[in-house]
There are 2 protein chains.
Amino acid sequence: MATASLSRKERERLRHKEEILAVALKLFSEKGFHNVSMQEIAEESEFAVGTLYKFFEGKESLFAALMGSCAGRISDILMPILEEEVDERKRISNYIKAHEQIIADHVPTIRLYLSENLSSALTVRPDVEPETDAVREIIHQKLSDIFKSGMRKGIFKDAGPWMATLSLSAMLESFVFAVIKSPGQISVEDGLSRVEEIFFKGSLRHSSA
Amino acid sequence: MATASLSRKERERLRHKEEILAVALKLFSEKGFHNVSMQEIAEESEFAVGTLYKFFEGKESLFAALMGSCAGRISDILMPILEEEVDERKRISNYIKAHEQIIADHVPTIRLYLSENLSSALTVRPDVEPETDAVREIIHQKLSDIFKSGMRKGIFKDAGPWMATLSLSAMLESFVFAVIKSPGQISVEDGLSRVEEIFFKGSLRHSSA
DNA sequence: ACATATTGTGAATTATTATTCATAATATGA
DNA sequence: TCATATTATGAATAATAATTCACAATATGT
């Protein structure tokens, strides 16, 4: 058995698991965690309810797995960009632009990531944080580091790295949010370059006062 | 009966209703809509379940009433500021500063407003929008108008009023969010003035490039 | 072809919770 | 005080949905 790749059987099982996850992603992202039943996931994925429990311990666990993979996929796009060997301003600029790809590739992914994440950040939930929250944290940490060193070099104003991170994330997430809500209405490239403009140079015309 | 003020009985009933709403606000804001049962609200408010149904048609309706009043209270603070007869920049500046009061006065209110609002914006919910969403819309519209006229006058860069509104709201909401999550950790006044700084003048030191 | 192991099934079980309603408590007015 | 109306109660009901498990289908190796 122990080949580098898995046995046919194992691969098949994997595929099944992923089919279930795909359906679950679709449903959860459309209707929210509490408004999707295991029945529904089972029907849509053409498995029996019992089968779902062969793959996941329960609904929570299935959801957690989903969030984990969403967070992972987003992180895979964003992290490399934050680690490129270019100057701080360029890294932030690339980071902003990368959101175009994120939007294009993974609408349901972000939909789920954003919606369930934003709300559960406040609401106390004894579950589903570990993986997901960690990714968010790591990205924010990375951003914060970039701002910190950028501030030392005099590229950025010293508005506090944390505040800069918070502001940029907020603007980006909100924008992504808006695009997903009304797809097609907004030019993504355009919007992102405006986010960049405002974030870097501000909204005032004469920054004198 | 028809006095300007209500009869003792009616006032009493009102008080009861408000007690229930207060408890519901506390619970919903802590645990989220789906994780609070009518039983729980009943126990905490020292009424019987049945009594809740004398005041509200059901759980959804109770929640909707709550969201309505939250939105109303927030709107009551924010709208007058957006309508003051001062120049556009000042109005936005005051708007930002007003969030200090919002945070100070109504923590559970905003907690609920933000958490349930952000998540349900994406998730399809066949319910609870009317009042709440309307308030959000109105405030955004007002902000957008201010930016538009400010842009005409050359006070703001022409980054599109919608984009400016989106960015500012995002930064403010995110900040409020963060403060609520870790109370005491952050100086609100300080944070808001940094939001203002970044939003107006940007994060770059030399806006030349 | 057969025995064995693995994987899938879905009706039945169990839990939870929103909602109802017959009844009790209380207030009101004669 | 008594009859009536109003308001509150909470055990019982009804729905919904997560989870289990005895069994069926299928695959694997001999």
Side-chain angles (χ1 to χ4, degrees), chain A residues 1-3 6-24 26-28 30-67 116 123-128, chain B residues 1-3 6-25 27-28 30-67 116 123-128:
Chain A
M1 37 158 179
T3 341
L6 305 80
S7 72
R8 193 177 62 71
K9 221 159 128 183
E10 284 169 315
R11 270 181 294 129
E12 182 119 301
R13 207 174 145 72
L14 238 301
R15 276 224 342 278
H16 289 178
K17 187 168 180 172
E18 267 152 23
E19 272 171 50
I20 293 170
L21 281 172
V23 168
K26 172 168 165 286
L27 292 176
F28 281 137
E30 277 168 3
K31 313 170 48 168
F33 180 75
H34 289 283
N35 301 315
V36 176
S37 69
M38 292 300 265
Q39 274 299 341
E40 214 173 339
I41 299 174
E43 276 163 31
E44 194 89 2
S45 63
E46 295 175 280
F47 286 100
V49 242
T51 310
L52 304 193
Y53 286 85
K54 299 277 170 170
F55 288 99
F56 306 95
E57 301 219 339
K59 196 185 175 188
E60 293 277 358
S61 154
L62 163 48
F63 184 76
L66 207 51
M67 287 299 281
E116 291 295 335
T123 291
V124 184
R125 295 219 288 176
D127 46 41
V128 204
Chain B
M1 36 160 180
T3 340
L6 304 82
S7 72
R8 192 177 62 71
K9 221 158 128 185
E10 284 169 315
R11 269 182 294 130
E12 184 119 299
R13 207 174 145 72
L14 237 300
R15 276 225 340 279
H16 288 177
K17 186 168 181 172
E18 266 153 24
E19 273 171 49
I20 293 170
L21 280 172
V23 168
L25 172 58
L27 292 175
F28 281 136
E30 277 168 2
K31 312 170 49 167
F33 181 76
H34 289 283
N35 301 316
V36 176
S37 69
M38 292 300 264
Q39 274 299 340
E40 214 174 339
I41 299 174
E43 276 163 32
E44 194 88 2
S45 62
E46 297 175 278
F47 287 99
V49 244
T51 310
L52 304 193
Y53 285 86
K54 300 277 171 175
F55 288 99
F56 305 95
E57 302 218 339
K59 195 185 176 189
E60 294 278 358
S61 155
L62 164 48
F63 184 76
L66 207 50
M67 287 299 280
E116 292 294 337
T123 291
V124 183
R125 296 219 287 175
D127 46 41
V128 203

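Naming convention: chains lettered A, B, ... in sequence-line order (proteins, then strands); numbering from 1 in each chain.
Side-chain contact between B:N35 and A:H34 is present, with at least one heavy-atom pair separated by less than 4.5 Å. Contact of the A:F47 side chain with the A:I41 side chain is not registered, since no non-hydrogen atoms from C-beta on lie closer than 4.5 Å.
B:S37 comes within 4.0 angstrom of sugar-phosphate atoms only, judged by non-hydrogen atoms across all strands, and of no base. Backbone-only contact: A:G58 has heavy atoms under 4.0 Å from sugar-phosphate atoms and none from a base.
Put simply, CE on A:M38 is 12 Å from C1' on D:dT20, counting in whole angstrom units. Look at CD on B:E40: it is 17 Å from P on D:dG10, rounded to the nearest Å. A:Q39 places its CD atom 11 Å from the C1' atom of D:dT19, with the value rounded to the nearest Å. Rounded to whole Å, atom C1' of C:dA18 lies 16 Å from atom CZ of B:F56. When the P atom of D:dG10 is taken as reference, atom CD1 of B:I41 falls 17 Å away, rounded to whole Å. One can place NE2 of B:H34 at 16 Å from C1' of D:dA15, the figure rounded to the nearest angstrom. Atom pair B:K59:NZ and C:dT16:P shows a separation of 15 Å (rounding to whole Å applied). Following rounding to the nearest Å, A:F63 (CZ) and D:dA18 (C1') show an atom-to-atom distance of 16 Å.
Within the model, atoms CG of B:L27 and OG of B:S37 stand 8.5 Å from one another, a figure rounded to the nearest 0.5 Å.
Across the interface with DNA chain D, nearest-nucleotide mapping of A:V49 and A:K54 shows A:V49 to be the residue nearer the 5′ end.
In this structure, B:H16 and B:F55 have perpendicular ring planes: the angle between them is above 60°, well past the 30° mark.
Comparing D:dA8, D:dT20, C:dT9 against the side chain of A:Y53 picks out D:dT20 as the nearest. When distances run from any side-chain atom of B:H16 to the nucleotides D:dT19, D:dA8, D:dT9, the shortest one goes to D:dA8.
The phosphate of D:dT6 has neither OP1 nor OP2 within less than 4.0 Å of any side-chain N or O from B:R13.
The pair A:R15-A:E18 fails the salt-bridge criterion, with no side-chain N (NZ, NE, NH1 or NH2) lying under 4.0 Å from an Asp/Glu carboxylate O.
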